[in-house]
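To start, the structure itself, in C-alpha cells.
One-based numbering, in listed order, for ligands and for the atoms of each. Since we're looking at a predicted model, the values are computed, not measured.
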Amino acid sequence: MTTINVTEAVLSRRSIRAFHPDRAVSLETLRRVLDKARWAPSGCNFQPWEATVIAGAPLKALQEKLLGEAPQDPIEYSWSDPEVIPECKARLQTVGASMYTAMGIGRGDKDARTEFTRHNVLSFGAPAVLMCYFDRRMGPPQWSDAGMWLQTIMLLLREEGLDSCPQEFMSLYARAIKDFIGVSDETHILFCGIAIGYADPQAVVNTFEREREPLDGKVRFMGFEAEALA
Ligand SMILES: Cc1cc2nc3c(=O)[nH]c(=O)nc-3n(C[C@H](O)[C@H](O)[C@H](O)COP(=O)(O)O)c2cc1C
C-alpha cells in the first residue's frame, strides 16, 4: 500500500482502458478495499449496493460467454438519454475524439471503434471485475448512493496502487451476467462493472487528456461577497 492523500487519489484516478497483462490482484487487497468502502454514505443508511467480484477462471468463462452473445433487448436501463442535451453530446464527442486520436483510430474508422468498444467485454484485460447491482426497487437517490460507494472503491484502489474503469457497458449484458453469477433478474438491476487491475504503462489509451468544466461553470457561491472583496 502506498501513502497518498485524498487529493492525490482523486487526481490520479482515471478510467484505464488497458491493463497490465501479467499482474493479478489479490483477494486480500480487494477485501481490504471493499471493507473500507462500506463506510461510504447512503441516504437513510440504506446501503443499497451489492456486488460480485470475479477473477481467474470464472472471469474468463464469463467473458467467453459474453463474446458469444449479442447485447440484450430490451436494455437494462438507458444511460444515453442526456445526449439530447447539446453540452452532454459535445462532451461525449470530445472524450471519444481524444481517446481515438490518441490510439491513432480515425474518425471514419467505424470498424476499429466498434472493435475497441468490444474490449469492454474483456474489461480491457483487467484481472478482476466488480459487478455492481441492487434491488430493482431502488430509485434515483439509491443509484446515487451506489455511485458514492463505487467512487470510494476507486479512490481506495489508488491507495493500493491499483487502477480501474467503471463500465456501464456491462449493463448491455446484464441478464447474461446475472445468470452467470446467480443473481435474480427479476429482483435485481445490474448497474455497472468496475474493471480492476494495474494500468499498462505503455498503452496510449491510458494517457490522453481529459476535459473538465471550469469550477465556476458548474458551481455558484452565495454569501461570500465580503470575502471576495477582501
Ligand atoms: C458510471 C460510469 C460508467 C462508465 N462506463 C464506461 C464504459 O462502459 N466504458 C468505458 O470505457 N468507460 C466508461 N466510463 C468512464 C467514463 O467515460 C469516464 O469516467 C469519463 O470519460 C471521464 O474520464 P476519467 O474517468 O478518465 O476521468 C464510465 C464512467 C462512469 C462513472
Lys/Arg cation over aromatic F116: R17, 6.0 Å, 45° cone: no
Between D111 and T114: side-chain donor-acceptor atoms closer than 3.5 Å: no
R136 atom CZ: more than 12 heavy-atom contacts under 6.0 Å: yes
Between W143 and F134, ring centroids under 6.0 Å: yes
R13 bridged to D163 by N-O distance under 4.0 Å: no
Contact residues of ligand 1, where a non-hydrogen atom lies under 4.0 Å away: R13, R14, S15, R17, V95, N120, F124, C165, P166, Q167, E168, F169, F191, R210, R212
Aromatic ring pairing Y173/F169, orientation class (parallel under 30°, perpendicular over 60°, tilted between): tilted
